[in-house]
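Let me begin by handing over the structure; questions about it come next.
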Number of protein chains: 2
Amino acid sequence: MPPADTPDVPANVQSARTLFDVLECVKEGQGKTVSEVSAELDYARSTVHRHLRTLEDLEYIVHRGEGYHLGLRFLDFGMNARDNYAGYDLIRQKVAEIAETTGERCQFFVEEHEDAVYLARSVGENAVQTDPGIGSRIPLYAASAGKAILAEFSEQKLSDYIEHVTFEQLTTKTITDPDVLREELAQIRERGYSFNRQETLCGTHAVGVAVTDADGRPIGGLSVTGPSHRLKGEHFENELPDLLLGAANELELNIAFS
Amino acid sequence: MPPADTPDVPANVQSARTLFDVLECVKEGQGKTVSEVSAELDYARSTVHRHLRTLEDLEYIVHRGEGYHLGLRFLDFGMNARDNYAGYDLIRQKVAEIAETTGERCQFFVEEHEDAVYLARSVGENAVQTDPGIGSRIPLYAASAGKAILAEFSEQKLSDYIEHVTFEQLTTKTITDPDVLREELAQIRERGYSFNRQETLCGTHAVGVAVTDADGRPIGGLSVTGPSHRLKGEHFENELPDLLLGAANELELNIAFS
DNA sequence: AAATATGTTCGATATCATCGGACACCTACA
DNA sequence: TGTAGGTGTCCGATGATATCGAACATATTT
């Protein structure tokens with residue numbers, strides 16, 4: 001067999017994997033006990049116990065009530081990771097602004113480890129309810145902003161991406177064919193913006209644009225999402241793209257000068 | 001020497017400490033290189049390199065530009081940890097509401113590993129700028145909401161706390177004497193709310209109350225902070241406490257029935 | 001009271017995390 | 001051009017340790 005996949009990268013800290021397996025498991029369903037985690041991950045109870053105790057001693061998890069919960073130090077980590085993105089404040093403001101003027105959901109994604117990650121989000125209707133789902137991930141090829149980001153990738157990066165990624169069928173419309181994706185990206189490059197017609201979620205449309213830095217490399221992607229019966233026709237195909245292109249342009253300028 | 005402090009808890013996953021040392025270091029000043037982290041932590045370059053590579057392979061950190069940055073998976077962790085607190089939405093709303101009506105900063109703390117951690121915060125003036133500093137920590141004895149929480153501790157828990165904690169002098173007014181603290185807590189218990197007169201930061205006053213669950217155990221603490229020249233007299237000593245007590249009561253009811 | 005499940009501790013063993021050293025690469029700077 | 005200092009990366013040896021299974025304690029249930 002060829003060394004196709006490098007199944008286990010050599011010279012890694014093995015216990016780190018165990019540790020994060022445990023953490024992810026605790027994250028998944030908070031309040032889990034030692035035995036539950038042990039059963040789910042197929043590690044010896046004593047091993048899980050050791051890790052959980054270590055994590056608690058180091059104050060990264062908490063033993064509240066019956067089971068274990070992620071500690072708030074991760075909130076600190078997360079805020080740091082978020083604020084570390086140049087222009088985050090500007091991005092957040094712009095996202096809220098677009099959500100308000102359009103009355104639809106607006107979000108900003110960044111690319112990380114070949115995934116699209118929500119960095120900011122706002123839901124229009126009530127300005128209070130902001131940032132739902134921040135930090136969660138979806139495949140780049142299945143998000144309008146994600147496709148807009150992919151369209152800005154160099155040929156080299158794109159080839160790498162297409163080779164590594166495993167396409168998942170989120171809906172019947174999700175792009176799962178490399179050639180179709182390349183074709184779509186070419187169109188996006190030409191137009192300057194991307195559409196998403198029920199490729200992420202049935203009944204949901206979206207428009208997306210890439211936001212690039214001074215050197216033209218993508219910082220992230222901005223998109224507006226809404227029900228397909230509302231996002232259609234002229235509004236969907238012209239007005240929203242124009243709005244987003246303007247917003248992206250403004251963002252790019254502001255970020256460059258901050 | 002007596003086994004007073006249990007300096008190193010036995011049977012812990014040692015490499016976890018190294019791992020989190022590295023992570024904290026990367027968090028501290030984002031964009032650090034292998035050598036910088038190695039020098040700062042006094043681990044061999046190869047060791048740091050190994051950990052960083054592992055963390056990158058597992059997609060918890062990112063190699064952007066010159067150095068390493070915390071990955072956005074921690075944002076996901078953090079949001080999970082935050083949302084895991086029962087009634088977080090209600091808390092956030094209430095905090096925003098209080099900030100708006102008072103025009104001062106309002107925040108909600110929870111206790112975790114004997115620290116007060118910001119769970120929600122709002123700054124009054126512009127409702128957009130919300131949640132600054134979420135996830136950061138201050139000593140319980142040095143925050144008004146923290147003292148309110150301490151006042152609800154059982155004698156057992158309080159004794160443990162006072163024994164473990166190392167008092168730090170944040171300002172000249174910070175309480176650093178166990179007896180003074182106990183005295184203060186007794187007063188708070190009697191009154192039902194706590195004051196903070198420049199004990200955290202010079203020129204800053206605050207009022208705090210505890211929020212308890214159905215069983216009377218503290219969920220967290222609610223407080224209003226502002227410049228000492230504005231928070232004084234009748235307003236500070238009566239109006240704000242009343243407002244906060246009402247808010248806490250309302251919160252307690254809403255959380256109990258959610 | 002027996003029985004099941006769960007948290008916790010312990011001992012043995014093979015694994016592995018750590019370190020220091022070596023190499024390759026890059027940038028200055030002479 | 002060549003040397004010197006810095007950095008990222010790889011490697012080998014060794015002492016430390018993460019893992020497992022078993023055993024014990026405790027709690028809850030039957």
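Predicted model, so just to flag it, every value in this text is computed and none were measured.
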Can you tell me how far P of C:dT18 sits from CZ of B:Arg53, to the nearest Å?
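In whole Å, C:dT18 P lies 14 Å from B:Arg53 CZ.
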Given D:dC20, C:dT18, D:dC10, which nucleotide is nearest the side-chain atoms of A:Ala44?
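Shortest atom-to-atom distance from the side chain points to D:dC20.
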May I ask you to say whether A:Arg17 pairs ionically with A:Glu24, meaning some side-chain N is under 4.0 Å from a carboxylate O?
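A:Glu24 and A:Arg17: not salt-bridged.
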If each of A:Ser46 and B:Ser46 is mapped to the nucleotide of DNA chain C with the nearest heavy atom, which maps nearer the 5' terminus, i.e. the 5' end?
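Checking each residue's closest nucleotide, the 5'-ward one belongs to A:Ser46.
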Quick check: are there more than 12 heavy atoms from other residues, nucleotides or ligands sitting under 6.0 Å from CD of B:Glu66?
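No, because the 6.0 Å sphere around CD of B:Glu66 holds 12 heavy atoms or fewer from other groups.
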Measure from the side chain of B:His51, starting at C-beta and using heavy atoms only, and say which of C:dA17, D:dT19, C:dG20 lies closest.
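That would be C:dA17.
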Atom CD of B:Glu56 and atom P of D:dG8: how far apart are they, to the nearest Å?
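Atom CD in B:Glu56 sits about 13 Å away from atom P in D:dG8.
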Whole angstrom is fine here: how far is it from CG in B:Leu19 over to C1' in D:dT17?
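Roughly 16 Å, once rounded to whole Å.
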For D:dA18, take OP1 and OP2 only and decide whether either is under 4.0 Å from a side-chain N or O of A:Thr47.
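No, because none of the side-chain N or O atoms of A:Thr47 sits under 4.0 Å from OP1 or OP2 of D:dA18.
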CG of B:Asn12 versus C1' of D:dA18: gap in Å, rounded?
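Going from CG in B:Asn12 over to C1' in D:dA18 covers 12 Å.
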Provide, to the nearest angstrom, the distance between the NE2 atom belonging to A:His49 and the C1' atom belonging to D:dG21.
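Going from A:His49 (NE2) to D:dG21 (C1'), I get 16 Å.
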Where along residues 22-38 of chain A does a heavy atom fall under 4.0 Å from DNA chain C?
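Heavy-atom contacts with DNA chain C come from A:Thr33, A:Val34, A:Ser35.
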Is it the case that over 12 heavy atoms from other parts of the model lie below 6.0 angstrom from the CZ atom of A:Arg189?
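Count over threshold, so yes.
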Does A:Arg45 make a side-chain donor-acceptor contact with the base of D:dG21, cut-off 3.5 Å?
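By the distance-only test, no, there is no pair.
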May I ask you to check whether A:Glu163 and A:Ser159 show a side-chain donor-acceptor distance below 3.5 Å?
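There is no such pair between these side chains.
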Do the two ring centres, one from B:Phe77 and one from A:Phe77, sit under 6.0 Å apart?
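No, ring centres 6.0 Å or more apart.
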If I take atom CG in residue A:Leu41 and atom C1' in nucleotide D:dT19, what distance separates them, rounded to the nearest angstrom?
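Value for this atom pair: 14 Å.
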Write down the atom of B:Leu23, the atom of B:Ile61, and the distance for their closest heavy-atom approach.
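Closest heavy-atom pair between B:Leu23 and B:Ile61: CD2-CG2, 3.8 Å.
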Using atom CZ of B:Arg50 as one end and atom P of C:dC16 as the other, report the distance to the nearest whole Å.
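Checked: the CZ to P distance equals 9 Å.
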Checking contacts here: which listed nucleotide (C:dC19, D:dA22, C:dA17) is nearest the side-chain heavy atoms of A:Val13?
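Nearest to the side chain of A:Val13 among the choices is C:dA17.
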From the options C:dT18, C:dT9, D:dC20, select the nucleotide whose nearest atom is closest to the side chain of B:Thr18.
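Closest nucleotide among those given: C:dT18.
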Return the 5'-most residue of the pair A:His63, A:Ala16 with respect to DNA chain C, ranking by each residue's nearest nucleotide.
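Looking at the nearest nucleotide for each, A:His63 comes out on the 5' side.
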Spacing between A:Tyr43 atom OH and D:dC20 atom C1', to the nearest angstrom:
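To the nearest whole Å, that distance equals 13 Å.
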Report which part of the nucleic acid A:Ser15 touches: base, sugar-phosphate, or nothing (heavy-atom distance under 4.0 Å, all strands).
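Answer is sugar-phosphate: A:Ser15 comes under 4.0 Å of backbone atoms only.
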The test is side-chain hydrogen bond (donor to acceptor under 3.5 Å, both in side chains); show your working for B:Thr174 and B:Glu168 and say whether it passes.
CA-CA 8 Å; B:Thr174 308; B:Glu168 251 180 301; over 6 Å; no
